[in-house]
Each structure stands twice: as structure tokens, then as C-alpha cells.
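Remember, predicted model here, so these are calculated numbers, not experimental data. Chain A is the first sequence line, chain B the second, and so forth, proteins listed ahead of strands; every chain is numbered from 1.
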Amino acid sequence: MSVDTAASDGALLSIRGVTKTFSGLTALEDVSFEVQPGQIKGVIGPNGAGKTTLFNVIAGSFPPTAGEVLLRGKVVTGLPSHRIARAGIARTYQLMKPFGTLSVRDNVLIAALQRTGSMKEARVRAGDVVERVGLASWADDQAAGLSTAGRKRLELARALALEPDLLLLDEVLAGLVPSERAPVMELLAEIRRGGVTMLFVEHVMAAVMELSDEIVVLHHGQVLATGTPDQVTSDPAVVEAYLGEEQSDADA
Amino acid sequence: MTRLLGRVDPNYLVLAALAVALLFVPFFLEGAGVEVAVRILMFGMLATAWNVMAGYAGLFSFGHAAYFGLGAYSGAYLLVVHGLSPWIGMVVGMVLGAAFAAMTGFLSFRYKLTGAYFVLTTFAFAEMLRLIALNLDLVNGAVGFRVPIVRDATIWDLQFAPGSPAYYYVILGMLIVTLVVTIALTRSRSGYFIVAIRDNEDAAASLGVNPLRYKLLAVSVSGALTAAGGTFYFQFLFFIDPPIAFGAPISVEILLPAIIGGMGTLWGPLVGAALLVPLSELTSSLVRSPPGFLGFLEGRSGVDLMLFGALLVAIIIFLPRGVYGTIVDRIGVSKARKRGRQRQLEGAS
């Protein structure tokens with residue numbers, strides 16, 4: 001399915017002219033941008049801007065209506081999600097999807113098993129990741145019993161255990177109280193130091209500004225602006241479309 | 001020694017102990033008792049096979065008669081028409097059962113039939129086979145098959161004197177194999193994937209698990225094991241026809257022990273069979289010769305089924321996770337509470 005194209009720019013992820021319509025409703029319109037290896041890119045935009053749709057297209061939950069997604073220059077558009085995951089893209093879900101009856105460690109084991117054939121080795125790796133995200137004391141508990149904060153960490157742990165080249169984070173901070181955010185922010189900074197490329201959707205502006213190398217602003221399914229956090233926040237169009245109404249939320 | 005034991009799944013040890021204990025059961029039972037014991041093990045085995053698909057993979061089947069009947073008819077046809085050993089029929093039946101499960105499963109998964117629609121599909125496929133068998137002269141249509149009596153039958157003929165404990169030992173062996181397959185599967189990488197898909201298919205897929213592949217594995221294993229039980233059933237009861245082999249009643253008899261005992265647990269289906277089969281014997285003997293004050297029940301059919309229904313309703317209300325499943329849950333909860341207290345203590349220090 002994968003086709004080599006002349007991608008000389010070395011981007012890890014290229015989104016090229018992606019459009020997605022749902023029976024007449026345009027969720028994404030001609031969206032294009034690139035993510036360079038090691039880069040942290042934030043995607044922001046008001047509710048309904050198409051952020052989660054974009055993630056679903058990249059992760060293969062459904063194909064785009066038009067346009068293509070390339071990973072390391074290879075077209076991955078239309079591949080089923082399990083193949084995109086194995087190709088190196090891991091995602092977290094905004095609405096957490098734990099394997100409720102499995103233990104926390106076994107949730108992570110499912111991902112670790114993609115990278116090693118040995119059950120024993122996968123268990124060790126899963127245990128390491130569980131410890132890394134701070135869930136070690138809950139490792140043997142059923143995932144269904146975790147709190148919201150715990151489930152967010154579990155989403156992150158599973159994605160990390162897949163050892164992805166690109167991590168798609170869909171609002172990992174949403175729903176957390178400020179005291180719960182700090183350790184997750186530290187964790188994200190640590191993951192970043194480990195060289196994992198990240199594309200993340202986030203409503204918590206302080207986090208976006210702190211973590212992102214670059215920001216893509218989506219508005220009504222279109223790219224409104226791209227640039228560094230400073231460039232984006234000083235763009236009048238962005239301020240009007242998004243930050244003007246959202247800034248007060250972030251301060252609260 | 002302890003290091004060796006530490007690596008073995010404790011379930012294997014329980015199974016070994018149980019198997020040894022069950023070896024002696026025929027010595028304490030008379031003819032009819034052995035027959036009841038055979039039925040317990042047989043339905044325990046069938047429900048354990050059903051549980052692989054419905055319990056672990058979350059693919060609720062109301063049509064296991066399809067795989068059961070394929071096993072029963074493979075054995076019957078090859079024995080009666082071609083004179084082949086039921087063991088050969090059993091292997092052929094298992095292949096057919098697995099293939100039919102995979103084929104019908106593929107269609108359901110391909111067209112994303114889930115929940116009630118999936119359940120109805122499994123029922124429809126079993127009905128389809130019943131109607132085919134009913135109208136197919138090759139398998140004697142409505143007449144069905146009878147086991148030809150073999151003089152000096154050996155184990156190869158899978159035929160013994162009525163009430164012989166040999167049937168008991170054969171089905172005990174089949175039950176053990178079914179449980180070993182279940183334990184091995186649930187401990188394997190495939191087994192973890194199957195449960196993950198049951199819990200959340202989208203999440204499993206986005207972690208690199210191919211849902212179609214592992215769902216097909218679960219239905220095929222379940223179909224093959226159920227078919228083996230079907231072949232044994234024919235040899236044990238000496239008779240099969242389309243309604244018995246492919247009808248809804250056998251589908252219900254297969255799934256009921258697993259639900260009563262506890263879906264998605266290893267021992268639940270067998271526990272359920274150990275409760276249900278004697279209960280069914282009791283109710284039917286009650287109907288045959290009721291005590292004076294219940295004289296009006298004499299000869300009425302269906303009373304046992306009414307009792308089954310009432311019991312099922314009671315179980316669903318009071319023990320939604322089944323008899324064994326509820327026990328397992330309670331133990332899990334108390335262990336989790338203990339870990340919770342431990343965390344509090346650590347947090348406090």
C-alpha cells in the first residue's frame with residue numbers, strides 16, 4: 001500500500017491537502033502542514049475546528065475525503081489504524097479508552113507486545129513504562145477503577161509502550177485539575193527530551209505555549225495560521241478567532 | 001521445585017488436581033449417576049468452548065448449534081455412510097466447525113454487525129444449517145442418523161456399553177483438553193489481544209492489534225472445540241437429527257452453563273454445568289414421578305425449562321457475573337482494596 005514519493009524535505013509527517021467531509025459537513029478543508037523529526041507541534045482551535053477529526057484521519061480511524069498523509073515520505077492514507085500504529089504513529093484518546101477488565105500493567109502490555117515477541121520481555125517493558133508515568137502503585141489494579149487523571153496517564157503509557165516515532169496527544173491535560181497537570185507536563189517534557197516527535201491538541205493554553213516549537217491554528221476546518229507560539233499569539237486573525245474568547249478560560 | 005511451580009499458571013495445577021479427583025468419580029456412582037456425570041462434563045466442555053468466543057472475545061453467540069451440529073453430522077455421516085471412525089469424523093467436524101465459524105464471523109465483522117445484530121446473525125446461520133440438513137438427502141434429511149451397533153467395539157469406535165464409564169473418561173479427556181486450550185490461549189499474546197479487543201476495539205487497533213485477525217482466531221477455536229463436543233454427543237446419545245443438532249435448544253443448553261457459572265472466567269462454565277445438569281435431572285424426574293401434593297405436574301413437559309428460565313432471571317438479577325464470576329470479582333475487589341490501603345500508608349509515611 002505504501003508508495004515512495006519524492007519527499008526530499010525529510011519531514012516525519014506531511015499532511016497534504018487533507019479534506020474531510022461528513023455527509024455535506026466539511027470538518028477539514030485543504031489542510032496542509034508538516035512535522036519535522038523531534039519537533040513538538042501544537043494544534044489549537046476553537047471547539048469544532050476539526051482538531052480531533054485531523055487526528056482521526058492521521059491515525060487511520062477513517063480515510064480523508066481528499067488529500068494524503070505521509071509518514072517519512074510514505075503514503076499511509078487509507079491504511080487501517082493497526083497498521084498505522086505499527087508504522088510508528090501512536091495516539092491517545094481525548095475520551096479515554098482503557099481496557100477496563102485488564103490490569104493497568106496489562107493495558108500497557110498490549111502495546112509493548114507489538115515491539116517484542118517475548119511475553120516476558122514485554123511484561124518488563126510494560127512495567128517500566130507504567131513506572132515512568134507514575135502508575136506503579138496501580139499496576140495490578142483493574143484499569144476500570146482508575147481516576148480520570150490515572151486514565152489520562154494510562155493513555156500516555158500505552159502510547160509510549162508502542163515506542164512510536166510520532167505521538168499524537170489528544171487533550172491529555174483536559175479534565176485535570178492544575179495540581180494534576182504539573183506532573184503530566186513534566187512527563188511530556190521528559191518524553192520530548194527522549195526525542196519523540198509530538199503533535200498535540202490541547203485546550204490548556206499555558207501548556208501549548210510552553211511545550212510547542214510550532215503551533216498550527218485550525219478554524220472552521222482550515223489552517224488559519226502557523227508559526228512559533230509568539231508569532232501565532234500576535235497574529236490578529238488568531239486573536240480574533242480563538243484567543244480572544246479562550247484567554248480568559250486559560251487564566252481561570 | 002518452588003521455582004518451577006512459580007512459572008506454571010496456578011490454573012494448570014488446579015486443573016491437574018481436579019482431573020485426578022474426577023478420575024475416581026465413576027467408582028462412587030451407579031449407572032444413571034455416571035450418565036449425569038457424563039452430561040455435566042459434556043456441557044461443561046461445550047460451555048467452556050462457547051466461553052472462548054462469547055466470554056473472552058465478547059462475541060455473544062446464540063447459534064453454537066451450528067458448530068455443534070457440524071461436528072455431530074461429520075461424525076455421523078462418515079461413520080454411517082463411509083464406516084469411518086468417529087475420531088476421524090471428530091477431526092473433520094472440528095475443521096468444518098472452525099471454517100464455518102471463521103467464514104460467518106468474517107461476514108459479520110466485515111459488515112460491522114455488533115451487539116444484538118451479531119447475536120441474531122449467529123442464530124440465523126445455525127437455522128440455515130438446520131434447514132439445509134432437513135432438506136439434504138445426503139444426510140438423511142429429517143430422519144437423521146443412528147449409531148450402528150458395533151460388535152466388540154473398541155475405543156477406536158468410540159462406542160461402549162450403555163452406562164459404561166468409558167464415555168465418562170473420553171469426555172473427561174476432552175474437557176481437560178478444552179480447558180488446557182483455554183488456559184494456554186488466555187495466557188498467550190493472542191489471548192491478551194482478544195480480551196483487549198473485547199474491552200475496546202478502537203483502542204486495541206490504535207495500539208497495533210488487528211481486530212479482525214484475533215476475533216477470527218477466537219471464533220475458530222470456539223467453533224472447532226464445540227464441533228468436537230458435537231461428535232461425542234452423537235456417539236453418546238446414539239442418535240442425531242436436524243432439530244437436535246442444529247436447533248435453538250442445544251444453543252441454549254451450551255450457553256446457559258457459561259452464563260450461570262460466569263462468562264469470561266476459566267472455571268465458570270464448568271461450575272455452571274455442575275449446577276445446571278443435576279438441577280435439570282431433578283426437575284425432569286420430579287415431572288416423571290412427582291410427590292403427592294405436586295401430582296398435577298405429572299407428565300407435563302416444559303416444567304424443567306420454566307425452572308431454568310426462572311433461575312436464569314434470578315442469576316441475572318442477583319449474580320450478573322455468574323456464580324463463579326461473582327466470587328472472582330469479590331476476591332479481586334478485596335485485593336484492590338488492600339492495595340489501596342497500602343498506597344494510603346505509603347502516601348502517609
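For a residue to count as touching a neighbouring chain, one of its non-hydrogen atoms must lie under 4.5 Å from one of that chain's; by this rule A/P164 does not touch chain B. For A/L102, the parts lying near chain B are the backbone and the side chain together; criterion is any non-hydrogen pair under 4.5 Å. The part of B/R339 that comes within reach of chain A is its side chain, from C-beta onward, which places non-hydrogen atoms under 4.5 angstrom from that chain. Only the side chain of A/R123 comes within contact range of chain B, with at least one heavy atom under 4.5 Å from a heavy atom of that chain. The contact between A/L109 and chain B is made entirely by side chain atoms (from C-beta outward), counting heavy-atom distances below 4.5 Å.
Taking A/A122, A/A85, A/G145, A/A159 one by one and counting their heavy-atom pairs under 4.5 Å with chain B, the maximum is reached by A/A85. Your options are B/A203, B/G264, B/A336, and the one with the most heavy-atom pairs under 4.5 Å with chain A is B/A203. For the options A/H82, A/R158, A/R91, heavy-atom pairs under 4.5 Å to chain B are most numerous at A/H82. The choice from B/A196, B/S188, B/G340, B/A204 that makes the most heavy-atom pairs within less than 4.5 Å of chain A is B/A196. The most heavy-atom pairs under 4.5 Å with chain B, out of A/N107, A/T92, A/D140, come from A/D140.
Heavy-atom neighbours of B/Y117 OH from other residues, nucleotides or ligands within 6.0 Å: at or below the threshold of 12. Atom CD of A/E190 has more than 12 heavy atoms from other residues, nucleotides or ligands within 6.0 Å.
Within the 4.5 Å cutoff, the side chain of A/R86 has heavy atoms near those of the B/N210 side chain. Within the 4.5 Å cutoff, side-chain heavy atoms of B/V209 are placed close to those of A/Q114.
A distance of 7.0 Å separates CG in B/N200 from OH in A/Y93, rounded to the nearest 0.5 Å. Between the CD1 atom in A/I89 and the OG atom in B/S206 there is a gap of 11.5 Å [rounded to 0.5 Å].
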Worked verdict on A/K97 versus B/D199 for side chain to side chain contact (heavy atoms under 4.5 Å, CB included): CA-CA 9 Å; A/K97 299 186 177 198; B/D199 282 2; over 6 Å; no
Side chain to side chain contact (heavy atoms under 4.5 Å, CB included) between B/V195 and A/F99, worked out: CA-CA 8 Å; B/V195 172; A/F99 306 125; over 6 Å; no
Dump the intermediate steps for side chain to side chain contact (heavy atoms under 4.5 Å, CB included) on B/R198 and A/T101, then the final yes or no. CA-CA 9 Å; B/R198 175 192 72 189; A/T101 65; 2.9 Å; yes
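Minimum heavy-atom separation, A/M119 to B/R187: CE-O, 3.3 Å.
The closest donor-acceptor contact from the side chain of B/R189 to the backbone of A/L113 lies under 3.5 Å.
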